[in-house]
Trainee: 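Just passing along the structure, written as C-alpha coordinates.
Quick note: numbers below take in every heavy atom, side chains included, and nothing from hydrogens, waters or symmetry partners.
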Amino acid sequence: MSRRARLWLLAVGGAGLAALFVAAALDLPAFGGDHHPYGDRAVHASLARRTANVIASVNFDQRAFDTLGEMTILFAAVIGCVILLRQTHDEHRARAAAEKLARPVRRYALLVLPVALLTGLYVIAHGQLSPGGGFQGGVVAATSLHLLYLGADYRALERVRPVGLYETGDAIATSAYVVTGLAGLIGGSAFLANTVLPYGTFNTLSSGGTVPLLNAAVGMEVACAVVVLLARFLDQTVEIEEGNAK
(Lines give C-alpha, C1' and ligand atoms only; values in the text may rest on other atoms or scores of the structure.)
Protein backbone atom coordinates (compact mmCIF):
# COMPACT_ATOMS: atom_id res chain seq x y z
CA MET A 1 0.00 0.00 0.00
CA SER A 2 1.37 3.39 -0.97
CA ARG A 3 1.85 6.29 1.45
CA ARG A 4 -0.93 8.24 -0.27
CA ALA A 5 -3.37 5.32 0.09
CA ARG A 6 -2.53 4.99 3.77
CA LEU A 7 -3.16 8.70 4.32
CA TRP A 8 -6.53 8.48 2.57
CA LEU A 9 -7.46 5.45 4.67
CA LEU A 10 -6.46 7.31 7.82
CA ALA A 11 -8.47 10.37 6.77
CA VAL A 12 -11.62 8.36 6.05
CA GLY A 13 -11.35 6.43 9.32
CA GLY A 14 -10.67 9.61 11.28
CA ALA A 15 -13.64 11.38 9.69
CA GLY A 16 -15.94 8.49 10.60
CA LEU A 17 -14.68 8.46 14.18
CA ALA A 18 -15.09 12.24 14.45
CA ALA A 19 -18.66 11.97 13.17
CA LEU A 20 -19.48 9.37 15.83
CA PHE A 21 -17.99 11.56 18.57
CA VAL A 22 -20.00 14.57 17.42
CA ALA A 23 -23.21 12.53 17.26
CA ALA A 24 -22.60 11.23 20.78
CA ALA A 25 -21.79 14.71 22.13
CA LEU A 26 -24.97 16.22 20.70
CA ASP A 27 -27.06 13.71 22.64
CA LEU A 28 -25.37 14.33 26.01
CA PRO A 29 -27.28 15.93 28.91
CA ALA A 30 -26.81 19.67 29.43
CA PHE A 31 -23.53 20.63 31.10
CA GLY A 32 -23.78 21.40 34.80
CA GLY A 33 -27.16 19.78 35.35
CA ASP A 34 -27.99 17.72 38.42
CA HIS A 35 -29.64 14.92 36.43
CA HIS A 36 -27.63 12.36 34.49
CA PRO A 37 -29.52 9.31 33.18
CA TYR A 38 -26.44 7.09 32.97
CA GLY A 39 -25.19 8.07 36.39
CA ASP A 40 -28.57 7.48 37.99
CA ARG A 41 -28.84 4.04 36.38
CA ALA A 42 -25.30 3.11 37.41
CA VAL A 43 -25.95 4.03 41.03
CA HIS A 44 -29.28 2.20 41.05
CA ALA A 45 -27.71 -0.96 39.60
CA SER A 46 -24.80 -0.77 42.04
CA LEU A 47 -27.06 -0.50 45.08
CA ALA A 48 -29.38 -3.22 43.77
CA ARG A 49 -26.41 -5.62 43.62
CA ARG A 50 -25.06 -4.63 47.05
CA THR A 51 -21.91 -2.93 45.72
CA ALA A 52 -21.03 0.13 47.79
CA ASN A 53 -18.39 1.43 45.36
CA VAL A 54 -20.28 2.42 42.21
CA ILE A 55 -17.04 2.64 40.19
CA ALA A 56 -16.26 -0.99 41.02
CA SER A 57 -19.80 -1.95 40.02
CA VAL A 58 -19.34 -0.22 36.67
CA ASN A 59 -15.92 -1.78 36.05
CA PHE A 60 -16.63 -5.34 37.17
CA ASP A 61 -20.36 -5.70 36.66
CA GLN A 62 -22.10 -3.24 34.37
CA ARG A 63 -19.23 -3.04 31.87
CA ALA A 64 -17.13 -6.00 32.94
CA PHE A 65 -16.63 -6.99 29.30
CA ASP A 66 -14.88 -3.67 28.61
CA THR A 67 -12.64 -4.26 31.62
CA LEU A 68 -11.71 -7.62 30.14
CA GLY A 69 -10.48 -5.74 27.07
CA GLU A 70 -8.35 -3.40 29.19
CA MET A 71 -6.96 -6.36 31.11
CA THR A 72 -6.13 -8.14 27.85
CA ILE A 73 -4.23 -5.09 26.58
CA LEU A 74 -1.96 -5.17 29.64
CA PHE A 75 -1.54 -8.94 29.31
CA ALA A 76 -0.57 -8.56 25.64
CA ALA A 77 1.87 -5.77 26.55
CA VAL A 78 3.59 -8.08 29.04
CA ILE A 79 3.87 -10.83 26.43
CA GLY A 80 5.36 -8.37 23.94
CA CYS A 81 7.82 -7.06 26.52
CA VAL A 82 8.94 -10.58 27.46
CA ILE A 83 9.52 -11.45 23.80
CA LEU A 84 11.32 -8.23 22.85
CA LEU A 85 13.54 -8.07 25.95
CA ARG A 86 14.48 -11.73 26.10
CA GLN A 87 18.17 -12.56 26.30
CA THR A 88 19.68 -12.92 22.82
CA HIS A 89 22.67 -14.93 21.60
CA ASP A 90 25.03 -11.93 21.65
CA GLU A 91 24.18 -11.05 25.25
CA HIS A 92 25.21 -12.60 28.53
CA ARG A 93 23.97 -12.22 32.07
CA ALA A 94 26.38 -10.52 34.45
CA ARG A 95 26.13 -10.75 38.21
CA ALA A 96 24.57 -7.59 39.58
CA ALA A 97 27.01 -5.66 41.74
CA ALA A 98 25.88 -4.35 45.11
CA GLU A 99 25.60 -0.57 45.29
CA LYS A 100 26.38 1.56 48.30
CA LEU A 101 23.28 3.23 49.69
CA ALA A 102 22.82 6.06 52.11
CA ARG A 103 21.58 4.75 55.44
CA PRO A 104 18.48 7.01 55.53
CA VAL A 105 17.43 5.71 52.11
CA ARG A 106 17.94 2.11 53.18
CA ARG A 107 16.04 2.52 56.44
CA TYR A 108 13.15 4.42 54.90
CA ALA A 109 12.74 1.96 52.01
CA LEU A 110 12.75 -1.09 54.28
CA LEU A 111 10.34 0.61 56.69
CA VAL A 112 7.88 1.65 54.00
CA LEU A 113 7.96 -1.65 52.06
CA PRO A 114 5.60 -3.69 54.30
CA VAL A 115 3.31 -0.70 54.76
CA ALA A 116 3.07 -0.14 51.00
CA LEU A 117 2.51 -3.85 50.35
CA LEU A 118 -0.29 -4.07 52.93
CA THR A 119 -1.82 -0.89 51.52
CA GLY A 120 -1.89 -2.38 48.03
CA LEU A 121 -3.49 -5.60 49.27
CA TYR A 122 -6.01 -3.61 51.32
CA VAL A 123 -7.00 -1.52 48.29
CA ILE A 124 -7.55 -4.68 46.25
CA ALA A 125 -9.54 -6.46 48.97
CA HIS A 126 -11.82 -3.45 49.58
CA GLY A 127 -12.29 -2.47 45.94
CA GLN A 128 -16.04 -3.13 46.00
CA LEU A 129 -16.45 -1.03 49.15
CA SER A 130 -14.23 2.04 48.81
CA PRO A 131 -12.27 4.01 46.17
CA GLY A 132 -9.53 1.99 44.52
CA GLY A 133 -9.64 -1.60 43.42
CA GLY A 134 -7.66 -4.15 41.47
CA PHE A 135 -5.93 -1.79 39.06
CA GLN A 136 -4.75 0.69 41.67
CA GLY A 137 -3.98 -1.85 44.39
CA GLY A 138 -2.12 -4.10 41.97
CA VAL A 139 0.24 -1.29 40.96
CA VAL A 140 0.87 -0.33 44.60
CA ALA A 141 1.55 -3.94 45.64
CA ALA A 142 3.89 -4.58 42.71
CA THR A 143 5.93 -1.40 43.09
CA SER A 144 6.21 -1.87 46.86
CA LEU A 145 8.33 -4.99 46.30
CA HIS A 146 10.86 -2.90 44.41
CA LEU A 147 11.56 -0.83 47.50
CA LEU A 148 13.75 -3.81 48.37
CA TYR A 149 15.93 -2.80 45.42
CA LEU A 150 16.37 0.62 47.01
CA GLY A 151 16.69 -0.61 50.57
CA ALA A 152 18.97 -3.61 49.97
CA ASP A 153 20.24 -4.60 46.53
CA TYR A 154 19.16 -6.22 43.29
CA ARG A 155 20.00 -9.73 44.45
CA ALA A 156 17.70 -9.34 47.44
CA LEU A 157 14.91 -8.28 45.08
CA GLU A 158 15.50 -11.33 42.91
CA ARG A 159 14.98 -13.66 45.87
CA VAL A 160 11.42 -12.39 46.42
CA ARG A 161 10.67 -11.90 42.73
CA PRO A 162 10.95 -15.16 40.78
CA VAL A 163 9.89 -13.83 37.39
CA GLY A 164 8.61 -17.16 36.10
CA LEU A 165 6.21 -17.45 39.01
CA TYR A 166 4.81 -13.98 38.36
CA GLU A 167 4.43 -14.74 34.65
CA THR A 168 2.39 -17.79 35.61
CA GLY A 169 0.35 -15.72 38.05
CA ASP A 170 -0.39 -13.19 35.32
CA ALA A 171 -1.77 -15.92 33.06
CA ILE A 172 -3.76 -17.54 35.88
CA ALA A 173 -5.36 -14.23 36.88
CA THR A 174 -6.38 -13.45 33.30
CA SER A 175 -7.83 -16.94 32.93
CA ALA A 176 -9.69 -16.60 36.24
CA TYR A 177 -11.43 -13.47 34.95
CA VAL A 178 -12.55 -15.31 31.79
CA VAL A 179 -13.63 -18.42 33.73
CA THR A 180 -15.76 -16.27 36.05
CA GLY A 181 -17.44 -14.83 32.97
CA LEU A 182 -18.03 -18.30 31.54
CA ALA A 183 -19.67 -19.33 34.82
CA GLY A 184 -22.49 -16.93 33.97
CA LEU A 185 -23.04 -18.73 30.66
CA ILE A 186 -23.03 -22.11 32.39
CA GLY A 187 -25.59 -20.77 34.86
CA GLY A 188 -27.93 -19.84 32.00
CA SER A 189 -27.18 -16.11 31.96
CA ALA A 190 -24.86 -13.88 29.91
CA PHE A 191 -21.07 -13.78 29.80
CA LEU A 192 -19.72 -11.91 32.87
CA ALA A 193 -23.26 -11.36 34.16
CA ASN A 194 -23.35 -10.84 37.93
CA THR A 195 -25.77 -13.69 38.56
CA VAL A 196 -23.48 -16.49 39.72
CA LEU A 197 -23.14 -15.68 43.44
CA PRO A 198 -25.52 -14.15 46.00
CA TYR A 199 -25.10 -10.40 46.43
CA GLY A 200 -24.55 -10.69 50.18
CA THR A 201 -24.89 -7.96 52.79
CA PHE A 202 -24.36 -4.39 51.67
CA ASN A 203 -21.00 -2.80 52.61
CA THR A 204 -19.26 -6.04 53.62
CA LEU A 205 -16.30 -7.83 52.00
CA SER A 206 -18.56 -10.63 50.76
CA SER A 207 -21.03 -8.26 49.04
CA GLY A 208 -21.37 -7.53 45.34
CA GLY A 209 -21.69 -11.04 43.92
CA THR A 210 -18.89 -11.64 41.39
CA VAL A 211 -17.51 -8.09 41.71
CA PRO A 212 -14.96 -9.06 44.43
CA LEU A 213 -13.81 -12.06 42.39
CA LEU A 214 -13.25 -10.06 39.21
CA ASN A 215 -11.66 -7.26 41.19
CA ALA A 216 -9.24 -9.71 42.84
CA ALA A 217 -8.40 -11.28 39.46
CA VAL A 218 -7.56 -7.87 38.04
CA GLY A 219 -5.51 -6.99 41.12
CA MET A 220 -3.47 -10.17 40.78
CA GLU A 221 -3.03 -9.69 37.03
CA VAL A 222 -1.93 -6.07 37.33
CA ALA A 223 0.47 -6.82 40.19
CA CYS A 224 2.08 -9.72 38.35
CA ALA A 225 2.20 -7.79 35.08
CA VAL A 226 3.93 -4.77 36.64
CA VAL A 227 6.46 -7.02 38.40
CA VAL A 228 7.28 -8.79 35.13
CA LEU A 229 7.57 -5.54 33.18
CA LEU A 230 9.88 -3.95 35.75
CA ALA A 231 11.90 -7.16 35.98
CA ARG A 232 12.56 -7.24 32.24
CA PHE A 233 13.63 -3.60 32.12
CA LEU A 234 15.76 -3.92 35.24
CA ASP A 235 17.44 -7.03 33.83
CA GLN A 236 18.44 -5.07 30.75
CA THR A 237 19.82 -2.23 32.88
CA VAL A 238 21.50 -4.16 35.67
CA GLU A 239 22.38 -7.64 34.39
CA ILE A 240 22.23 -8.05 30.62
CA GLU A 241 25.33 -6.95 28.72
CA GLU A 242 26.27 -7.15 25.06
CA GLY A 243 28.66 -9.93 24.17
CA ASN A 244 31.34 -7.53 22.93
CA ALA A 245 31.12 -5.23 25.96
CA LYS A 246 34.30 -4.69 27.95
Trainee: Minimum heavy-atom separation for Leu148 and Leu113, please, with both atom names.
Mentor: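 Shortest heavy-atom separation between Leu148 and Leu113 comes out as N-CD1, 3.5 Å.
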Trainee: Taking the side chain as C-beta and beyond, is there a heavy-atom pair between Phe60 and Thr51 under 4.5 Å?
Mentor: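 Result no, sub-4.5 Å side-chain heavy-atom pair not found.
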Trainee: Hey, what do you get for OG1 (Thr67) to CG (Leu192), rounding to the nearest 0.5 Å?
Mentor: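 Rounded to the nearest 0.5 Å, the OG1-CG separation comes to 9.0 Å.
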Trainee: Would you check if the side chain of Thr210 reaches a backbone N or O of Leu213 as a donor-acceptor pair within less than 3.5 Å?
Mentor: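 Between the backbone of Leu213 and the side chain of Thr210 there is no qualifying donor-acceptor contact (under 3.5 Å).
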Trainee: How many angstroms lie between CG in Asn194 and CG in Asp61, if you round to the nearest 0.5 Å?
Mentor: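 Reported value, rounded in 0.5 Å steps: 4.0 Å.
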Trainee: Kindly work out whether a path of hydrophobic side-chain contacts (I/L/V/M/F/W/Y, heavy atoms less than 4.5 Å apart) joins Leu111 to Val115.
Mentor: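 No, it is not one cluster - the side chains of Leu111 and Val115 are not joined through contacts under 4.5 Å.
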Trainee: Please give me the minimum heavy-atom distance between Thr174 and Met71, naming the atom from each residue.
Mentor: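 That closest heavy-atom pairing would be CA-CE, 3.5 Å.
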Trainee: To the nearest 0.5 Å, what is the distance between CG on Leu84 and CZ on Arg232?
Mentor: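 Nearest 0.5 Å value for the CG-CZ distance: 11.5 Å.
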Trainee: Closer than 3.5 angstrom, by distance alone: can the side chain of Arg50 be matched with the main-chain N or O of Gly208 as a donor-acceptor pair?
Mentor: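 Side chain of Arg50 to backbone of Gly208, a donor-acceptor pair under 3.5 Å: no, none is there.
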Trainee: Under a 4.5 Å side-chain heavy-atom rule over Ile, Leu, Val, Met, Phe, Trp and Tyr, are Leu145 and Tyr108 clustered together?
Mentor: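 Different hydrophobic clusters.
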Trainee: Excluding sequence neighbours, so at least two apart, what forms salt bridge (charged side-chain N to carboxylate O under 4.0 Å, His left out) with Arg63?
Mentor: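 With neighbours one apart ignored, the set is Asp66, Glu70.
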Trainee: Measuring only between side-chain heavy atoms, which start at C-beta, is Val222 closer than 4.5 Å to Leu74?
Mentor: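 Answer yes - side chains close enough.
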Trainee: Tell me if the OH atom of Tyr122 is crowded by more than 12 foreign heavy atoms within 6.0 Å.
Mentor: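 No, because the 6.0 Å sphere around OH of Tyr122 holds 12 heavy atoms or fewer from other groups.
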Trainee: Do Val211 and Leu185 sit in the same hydrophobic cluster, where Ile, Leu, Val, Met, Phe, Trp and Tyr count as joined when their side-chain heavy atoms come under 4.5 Å apart?
Mentor: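 Yes, same cluster.
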Trainee: Evaluate the side-chain proximity of Ser207 to Leu129: yes if any heavy-atom separation is below 4.5 Å, no if none is.
Mentor: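 Side chain of Leu129 against side chain of Ser207, heavy atoms only: contact under 4.5 Å found.
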Trainee: Run the numbers on Leu147 and Leu110 for side-chain contact (heavy atoms from CB on, under 4.5 Å), then give the verdict.
Mentor: CA-CA 7 Å; Leu147 289 173; Leu110 295 179; over 6 Å; no
Trainee: Within the side chain of Arg161, is there an N or O that forms a donor-acceptor pair under 3.5 Å with the backbone of Arg159?
Mentor: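 It does not hold such a pair.
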Trainee: If every non-hydrogen atom of Phe191 is compared with every non-hydrogen atom of Val178, which pair is closest and at what distance?
Mentor: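 Looking at all heavy atoms of both residues, the shortest contact is CE1-O, 3.7 Å.
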Trainee: So how far is it from Leu85 CG to Leu234 CG, rounded to the nearest 0.5 Å?
Mentor: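 Rounded to the nearest 0.5 Å, the CG-CG separation comes out at 11.0 Å.
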Trainee: Output the distance between atom CD (Glu221) and atom CG (Leu214), rounded to the nearest 0.5 Å.
Mentor: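 Separation between the atoms: 13.0 Å.
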Trainee: Measure the spacing between OH of Tyr177 and CG of Asn215 and express it to the nearest 0.5 Å.
Mentor: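 Here the rounded value is 9.5 Å.
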Trainee: Is a side-chain donor or acceptor of Thr180 paired with a backbone partner of Ala176 at a separation under 3.5 angstrom?
Mentor: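 Indeed, once roles are kept as given, a pair shorter than 3.5 Å links the two residues.
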Trainee: Are Phe65 and Val218 linked, directly or through intermediate hydrophobic residues, by side-chain heavy-atom contacts shorter than 4.5 Å (ILVMFWY only)?
Mentor: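 Yes, one cluster joins them.
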Trainee: Please name the pair of heavy atoms, one in Ala56 and one in Gly127, separated by the smallest distance, quoted to 0.1 Å.
Mentor: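 Closest heavy-atom pair between Ala56 and Gly127: CB-O, 3.3 Å.
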Trainee: Indicate the atoms forming the closest heavy-atom contact of Leu205 with Gln128, along with that distance.
Mentor: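 Taking Leu205 first and Gln128 second, the nearest heavy atoms are O-NE2, 2.7 Å.
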Trainee: With a 6.0 Å cut-off (strictly less than), is the heavy-atom count around CZ of Phe202, excluding the residue itself, greater than 12?
Mentor: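 Enclosed.
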Trainee: Give a yes or no on whether Val139 and Leu230 share a hydrophobic cluster (residues Ile, Leu, Val, Met, Phe, Trp, Tyr; joining criterion: side-chain heavy atoms under 4.5 Å apart).
Mentor: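 Shared cluster, yes.
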Trainee: Just by distance, do the side chain of Glu167 and the backbone of Val228 share a donor-acceptor pair under 3.5 Å?
Mentor: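 Side chain of Glu167 to backbone of Val228: no pair is present.
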Trainee: Heavy atoms only: give me the nearest Cys224-Tyr166 pair and the separation to one decimal.
Mentor: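 Smallest heavy-atom distance, with atoms named: CB-O, 3.3 Å.
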